[in-house]
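A short write-up of the structure that comes next.
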Amino acid sequence: MNDSASDDSLELSLVNDLREIGAAAEKIDAYCESLGVSPQIVYAVNLSIDEILTNTISYGYDDDAEHRIGLTLRVDGDTLVVVIEDDGRPFDSSLTREPDVDATLEERALGGLGLFLVQQMMDDVAYRRTDNRNIITLTKSAAAEETP
């Protein structure tokens, strides 16, 4: 993993290997702590990033080649902005059906709970496809004191 940090942003470049996620989470924790972001907000952001990276690494590529995933975390006023960029297959999570959380485990379709969780924990989740790259932007108010 390659990374760079400044007072206003943290930039990470990960390979498509699930083992990279833990190291990224530690760097995100340290960066947010240096900004005085509450642990509840850091937890929500890290959990959301973990879910998106896991899905991208596990399902986003049609080959076993090494791919780079870019992750930028920055502060915009009192809002944390996360941008995750990859060259995987197009996947707009906003087009997925919301899971039936009231269904029993036997009745519930597999998958989809992680993306639902991301949408619940973040203030906004936006997707776009540019130059054959998926770009997911997450925002979370750093002023909020609680998560769902």
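- The closest side-chain heavy-atom distance from Leu10 to Ile28 is below 4.5 Å.
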Practice task
Test Ile49 against Val118 for side-chain contact (heavy atoms from CB on, under 4.5 Å), laying out the working first.
Solution key: CA-CA 8 Å; Ile49 291 170; Val118 171; over 6 Å; no

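- At least one donor-acceptor pair closer than 3.5 Å links the side chain of Glu20 to the backbone N or O of Val15.
- When all heavy atoms of Ala44 and Met122 are compared, the pair lying nearest together is O-CE, 3.5 Å.
- Two residues are said to be in side-chain contact when any heavy atoms from C-beta on lie closer than 4.5 Å; Val81 and Val83 meet this criterion.
- Note that CD1 of Ile69 is 7.5 Å distant from CD1 of Ile21, once rounded to the nearest 0.5 Å.
- Distance alone, capped at 3.5 Å, is enough to place a donor-acceptor pair between the Asn134 side chain and the Gly88 backbone.
- The number of heavy atoms from other shown groups lying within 6.0 Å of CG (Asp64) does not exceed 12.
- Rounding to the nearest 0.5 Å places CG of Leu71 at 10.5 Å from CD of Glu85.
- Remark: the backbone N or O of Leu12 is not paired with any side-chain donor or acceptor of Lys27 at under 3.5 angstrom.
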Handout entry: Asp29/Asn46 under side-chain contact (heavy atoms from CB on, under 4.5 Å): CA gap, chis, key distance, verdict
Key = CA-CA 8 Å; Asp29 283 343; Asn46 250 335; 2.7 Å; yes

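- Distance CG/Leu53 to CG/Asp86: 9.0 Å, rounded to 0.5 Å.
- The backbone N or O of Ile135 sits nowhere less than 3.5 Å from a side-chain atom of Tyr127 that would complete a donor-acceptor pair.
- By the neighbour-count criterion of 12 heavy atoms within 6.0 Å, atom CG of Asp63 is densely surrounded, having more than that number from other residues, nucleotides or ligands.
- The backbone N or O of Ser13 sits less than 3.5 Å from a side-chain atom of Arg68, completing a donor-acceptor pair.
- Pairing each heavy atom of Ser9 with each of Glu11, the nearest pair is OG-OE2, 4.1 Å.
- Residues Arg74 and Tyr31 share a closest heavy-atom pair of CA-OH, 4.2 Å.
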Exercise for the section: Please step through side-chain contact (heavy atoms from CB on, under 4.5 Å) for the pair Leu115 and Asn55, ending with a clear verdict. Expected result: CA-CA 9 Å; Leu115 295 174; Asn55 284 346; 3.5 Å; yes

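- A donor-acceptor pair is defined here as one N or O able to donate and one able to accept, closer than 3.5 Å; no such pair exists between the side chain of Asn16 and the backbone of Ile57.
- Contact of the Met121 side chain with the Leu47 side chain is registered, since non-hydrogen atoms from C-beta on lie closer than 4.5 Å.
- Considering all non-hydrogen atoms of both residues, Cys32 and Leu73 come closest at SG-CD2, 3.8 Å.
- Of all heavy-atom pairs between Ser48 and Leu138, the closest is CB-CD1, 4.1 Å.
- Taking every heavy atom of both residues into account, Asp78 and Ala143 meet most closely at OD2-CB, 3.5 Å.
- Ile84 pairs in a side chain to side chain contact (heavy atoms under 4.5 Å, CB included) with only one of the listed residues (Ile52, Leu14, Thr137), which is Ile52.
- Proximity of a side-chain donor or acceptor of Asp17 to a complementary backbone N or O of Arg19 within less than 3.5 Å is detected.
- The main-chain N or O of Arg133 is never found under 3.5 Å from a side-chain atom of Asp87 such that the two would form a donor-acceptor pair.
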Problem - Residues Asp76, Asp8; criterion side-chain contact (heavy atoms from CB on, under 4.5 Å); working and verdict - result: CA-CA 8 Å; Asp76 185 3; Asp8 57 354; over 6 Å; no

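- Contact annotation: the side chain of Thr54 approaches that of Leu18 to within less than 4.5 Å [non-hydrogen atoms, C-beta and beyond].
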